[in-house]
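Only one structure is covered here, and it is reproduced in the block below.
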Amino acid sequence: DTVLIERCETAPNGTIVVALVDGEEATLKKLRKKGESIALEAANPDYETRIFGPDRVEIQGKLAGLIRFYCRFRAGTPPHRNSQGYRHWC
């Protein structure tokens, strides 16, 4: 997947944002604000929602678009390795 990000410093609740945590970790998460707390919620339910104070999170942008690539699996076709060594069928 490739995402398109619109640069901004604030975003409303429920927006998917690029958040910089503690000045070093950038993450793409759904933003939830309640009082002074900021929750960063993953789309994958296997990951826990992370809650921070406002001084630990800097919004760098919001999701403006998503480009998703699909390929069709062909039965009987063995996977091959891409330039990073990952196996795939496309």
Side-chain angles (χ1 to χ4, degrees):
D1 295 348
T2 301
V3 294
L4 303 173
I5 303 298
E6 178 183 335
R7 188 178 299 261
C8 65
E9 295 179 0
T10 61
N13 271 336
T15 303
I16 297 174
V17 299
V18 174
L20 185 64
V21 179
D22 294 331
E24 58 186 47
E25 175 193 353
T27 185
L28 187 68
K29 300 278 189 281
K30 186 178 286 187
L31 177 69
R32 300 280 186 206
K33 296 185 260 184
K34 186 171 184 181
E36 290 293 312
S37 296
I38 295 175
L40 299 176
E41 181 180 304
N44 185 337
D46 291 340
Y47 291 91
E48 292 184 12
T49 297
R50 298 170 64 194
I51 300 172
F52 301 96
D55 57 324
R56 294 185 59 197
V57 177
E58 177 186 340
I59 304 302
Q60 296 192 318
K62 63 182 177 180
L63 182 67
L66 170 67
I67 301 168
R68 180 161 280 171
F69 296 96
Y70 294 94
C71 65
R72 290 175 30 168
F73 172 74
R74 289 172 284 172
T77 304
H80 60 280
R81 295 191 182 274
N82 66 12
S83 60
Q84 289 84 32
Y86 296 107
R87 294 168 51 118
H88 61 93
W89 280 266
C90 299

Study note, to complete from the structure: d(R50 CZ, E41 CD) to nearest 0.5 Å is 13.5 Å
Exercise for review: Examine I59 and L28 and state if one hydrophobic cluster contains both, with Ile, Leu, Val, Met, Phe, Trp and Tyr joined whenever side-chain heavy atoms are less than 4.5 Å apart.
Suggested key: no
Practice item. Name all residues meeting the side chain to side chain contact (heavy atoms under 4.5 Å, CB included) criterion together with T2; count only those two or more places apart in sequence or in a different chain, and write none if there are none. Key: I67, F69
Practice item. Kindly check if the number of other-residue, nucleotide or ligand heavy atoms within 6.0 Å of CD (E25) is above 12? Key: yes
Check your understanding: At what distance, to the nearest 0.5 angstrom, does CG of L63 lie from NZ of K29?
Key -> 13.0 Å
For a quick test of your reading: what N or O donor-acceptor pairs under 3.5 Å do the side chains of residues 13-23 make, sequence neighbours left out?
{"unit_1": "N13", "atom_1": "OD1", "unit_2": "K33", "atom_2": "N", "d": "2.5"}
{"unit_1": "N13", "atom_1": "ND2", "unit_2": "K33", "atom_2": "O", "d": "3.3"}
{"unit_1": "T15", "atom_1": "OG1", "unit_2": "P12", "atom_2": "O", "d": "2.8"}
{"unit_1": "D22", "atom_1": "OD1", "unit_2": "R56", "atom_2": "NE", "d": "2.8"}
{"unit_1": "D22", "atom_1": "OD2", "unit_2": "R56", "atom_2": "NH2", "d": "2.8"}

Practice item. Could you tell me which non-hydrogen atom of P54 sits nearest to which non-hydrogen atom of I38, and how far apart they are? Key: CA-CD1, 3.9 Å
Point to revise | Shortest non-hydrogen contact between L31 and A11, atoms and distance | key: CD2-O, 3.4 Å
Revision key, fill the gap. What one should report as the nearest heavy-atom pair of D46 and N44 is N-OD1, 2.8 Å
